[in-house]
Amino acid sequence: MLIRGPADVNPSEITPYATYLNRRHFIGRSAMAAVAAAAVPGALVACGTDSASGQVQVGPGQDRDWSKTKSEIGEELTPYEDVTGYNNFYEFGTGKGDPSRNAGTLEPRPWSIAVEGHVANPAVYDLEDFIAPHRIEERVYRLRCVEAWSMVIPWRGFPLADLIRRVEPTSRARYLEFVTLLDPRQMPGQRRRILDWPYVEGLRLDEAMNPLTLLATGLYGRDLPNQNGAPLRLVVPWKYGFKSIKSIVKIRFLEEQPLNTWQQMLPSEYGFFANVNPEVDHPRWSQARERRLGEFRRRPTLMFNGYADQVASMYTGLDLTKYF
Ligand SMILES: Nc1nc2c(c(=O)[nH]1)N[C@H]1C(S)=C(S)[C@@H](COP(=O)(O)O)O[C@H]1N2
Ligand SMILES: [Mo]
């Protein structure tokens, strides 16, 4: 996300991309593997299906060889160091390297999650009880930030739809609101009024029920690193990254559409839907192309981030230039 205006945000902090590119190494990585590996069909990658070659160095946070794991259209995973070292998590600073540096103060355990509003079963859960009834899956998704960079990430988690069925929304529930932890002691960025804390996001009930929508508990086969939103975050792969709210402590079922943080901050630039759309530019830059972390060339951005088959029908008849 980019903010222009608040005097305490240094623009050089929020566009360190050139610096970042200079640090990258590009030669030879996985070239052989890319040729040899077939694309994994479907978005779902079952645990343990990729075979370990023994040839590839297993890095920090990686218990097995991920080099053969691809997205459903054959894309290579973004390296672990990028997924966990180049982040947006303003609770820990506005620079892309700030979350990995500063998120050590977050205490993801013990953790509780409140489910409130129009549900038959409102409750406050311990994290373990919240997760335990669900079947954990691994799924490779593209994450496309509104700032026009993207990653391919092997998430671990469970469909939000499974949780929704479990808590039984009433007929009045039409939207979900998600709320991040508010604790300036654990989240030092909240001591500055960069955003109106806590960070809030929302989905329409049908979007929340879509089988692609994930409550993520991990990535690269392990629990979420703090900087990626430990211990629980949303992943909505056809929407800009800011919808994928991190470190969730509350889920509310509402009748009315909630006001998400970025829409509240800059309503002319960020809407409620935030569907990835190469044809609807951000007021200050094009959304037609994107930089995949680890690559120089810019790729064309795909409608609904490449998930149109699975989500476009939810928006038929909606003017996407108006409901951006
Ligand atoms: N609570 C909270 N959630 C957040 C953000 C944030 O600043 N605070 N940033 C969002 C944005 S803009 C993006 S692009 C993604 C980045 O996720 P990643 O760092 O795991 O790649 O997190 C989203 N979730
Ligand atoms: Mo973002």
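Ligands are counted one by one from 1 in listed order, and the atoms in each one are counted from 1 as well.
Classified by interplanar angle (parallel below 30°, tilted 30° to 60°, perpendicular above 60°), the ring pair W262/Y90 is perpendicular. Ring planes of H134 and F130: tilted class, angle from 30 to 60°.
If you look at Y199 next to ligand 1, the close heavy atoms, those under 4.0 Å, all belong to the side chain.
Taking the ring centre of Y307 as origin, the terminal cationic atom of R142 falls inside the region bounded by 6.0 Å and 45° from the ring axis. Geometrically, K96 does not engage F89 in a cation-pi contact defined by less than 6.0 Å to the ring centre and at most 45° from the axis.
In this structure, the side chains of I131 and F158 come closer than 4.5 Å at one or more pairs of heavy atoms.
Counted within 6.0 Å of CZ on R174, heavy atoms from surrounding residues, nucleotides or ligands total 12 or fewer; the atom is thus considered open.
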Problem set entry | side-chain hydrogen bond (donor to acceptor under 3.5 Å, both in side chains) between E147 and N88, worked out | CA-CA 10 Å; E147 290 168 90; N88 268 340; 2.8 Å; yes

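Comparing heavy-atom distances from atom 16 (C) of ligand 1 across T180, L195, N88 singles out N88 as nearest. For atom 17 (O) of ligand 1, the nearest non-hydrogen atom from the set M187, R233, Q190, E91 belongs to R233.
Ligand 1 is never approached by S247 to a heavy-atom distance shorter than 4.0 Å.
Numbered from 1 in the order shown, with element, the atoms of ligand 1 that lie under 4.0 Å from a heavy atom of Y90 read 6 (C), 7 (O). The atoms of ligand 1 that sit less than 4.0 Å from any heavy atom of S244 are 22 (O), 23 (C), 24 (N). The ligand atoms of ligand 1 that sit less than 4.0 angstrom from a heavy atom of C145 are 14 (S).
The shortest N/O to N/O separation between K246 and ligand 1 falls below 3.5 Å. Considering backbone and side-chain atoms alike, N87 places an N or O below 3.5 Å from some N or O of ligand 1.
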